[in-house]
Asker: 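Take a look at this one; I'll ask things after.
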Amino acid sequence: TRDFSPLSARYQVASRPTSQHNNPTASSSSSSPPDRSQKKNLTNVWSTAGVERDRLDIWTEKCRRWLSKAIVQPLAAEIDSLNKVLKANGCAHLQLGQADNHAIQKVGLGNVIRQLPNLSLVMQY
């Protein structure tokens with residue numbers, strides 16, 4: 001089973017992309033890593049904007065932390081809350097993150113649905 005609790009997802013510092021797959025300046029038709037000119041062009045874009053690489057790394061880290069605290073952790077807590085209600089009402093087989101979304105939507109939850117006002121909002125994630 002997958003654990004969606006906030007304690008299971010810890011923040012991790014991003015590593016700099018080293019492959020073509022992660023590099024937006026690399027040509028999609030080439031399987032070779034970006035050449036020096038492509039890397040320099042990307043660096044020049046940020047330099048032209050007055051942004052140093054270290055500042056960009058700090059900004060990226062702060063954005064990831066904010067996303068984690070403002071979106072991911074509250075969403076994980078809501079999923080846990082909904083799963084507890086489902087389990088308490090005899091729908092343990094319909095745990096979010098484990099059951100197919102279509103199965104959850106098709107099952108007639110009857111009175112249980114009143115206890116799950118955020119279910120439709122969370123299901124999209």
Side-chain angles (χ1 to χ4, degrees):
T1 60
R2 297 184 330 198
D3 184 5
F4 291 104
S5 66
L7 297 176
S8 69
R10 298 278 183 208
Y11 174 80
Q12 296 177 355
V13 177
S15 60
R16 292 183 180 170
T18 57
S19 69
Q20 177 228 357
H21 181 289
N22 293 331
N23 191 327
T25 63
S27 170
S28 60
S29 63
S30 170
S31 62
S32 63
D35 61 25
R36 284 185 178 195
S37 65
Q38 289 172 325
K39 287 182 180 180
K40 188 172 182 171
N41 286 341
L42 185 58
T43 303
N44 287 341
V45 168
W46 288 111
S47 296
T48 302
V51 178
E52 296 174 6
R53 182 62 197 221
D54 290 341
R55 296 297 300 160
L56 182 61
D57 290 343
I58 291 169
W59 181 82
T60 301
E61 182 178 340
K62 287 180 179 181
C63 284
R64 290 185 71 199
R65 286 180 191 263
W66 179 85
L67 284 168
S68 177
K69 288 181 181 181
I71 297 171
V72 176
Q73 289 177 2
L75 179 60
E78 185 61 27
I79 289 171
D80 285 343
S81 174
L82 292 170
N83 281 339
K84 286 177 186 174
V85 172
L86 286 167
K87 189 174 183 178
N89 285 280
C91 299
H93 62 289
L94 297 176
Q95 297 294 289
L96 299 173
Q98 295 175 0
D100 180 52
N101 285 353
H102 296 292
I104 294 171
Q105 291 170 343
K106 286 183 181 180
V107 171
L109 294 176
N111 291 333
V112 177
I113 200 71
R114 291 187 200 125
Q115 299 175 42
L116 305 168
N118 294 332
L119 181 61
S120 62
L121 296 173
V122 171
M123 294 261 314
Q124 38 190 327
Y125 299 101

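These numbers come from the heavy atoms of this one structure, side chains and all, not from hydrogens, waters or symmetry mates. Quick note: residue numbers are just sequence positions, from 1.
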Asker: Tell me the closest heavy-atom pair linking L94 and N83, and the distance in Å.
Answerer: O-OD1, 4.4 Å
Asker: Considering the options D80, I79, L116, which one meets the side-chain contact (heavy atoms from CB on, under 4.5 Å) requirement together with L96?
Answerer: I79
Asker: Restricting to side chain to side chain donor-acceptor pair (under 3.5 Å), what partner residues turn up for Q95, sequence neighbours left out?
Answerer: none
Asker: If you group Ile, Leu, Val, Met, Phe, Trp and Tyr by side-chain heavy-atom gaps below 4.5 Å, do L56 and I58 land in one group?
Answerer: no
Asker: Kindly give the heavy-atom pair with the smallest separation between P74 and K69, and that separation in Å.
Answerer: CD-O, 3.2 Å
Asker: Between atom CG of N89 and atom NZ of K84, what is the distance when rounded to the nearest 0.5 Å?
Answerer: 14.0 Å
Asker: Is there a path of hydrophobic side-chain contacts, each under 4.5 Å between heavy atoms, that joins V51 and V45?
Answerer: no
Asker: Which residues pass the side-chain contact (heavy atoms from CB on, under 4.5 Å) test with L67, sequence neighbours left out?
Answerer: I71
Asker: Output, in order, the C-alpha distance, side-chain angles, deciding distance and verdict of side chain to side chain contact (heavy atoms under 4.5 Å, CB included) for N118 and L121.
Answerer: CA-CA 5 Å; N118 294 332; L121 296 173; 3.9 Å; yes
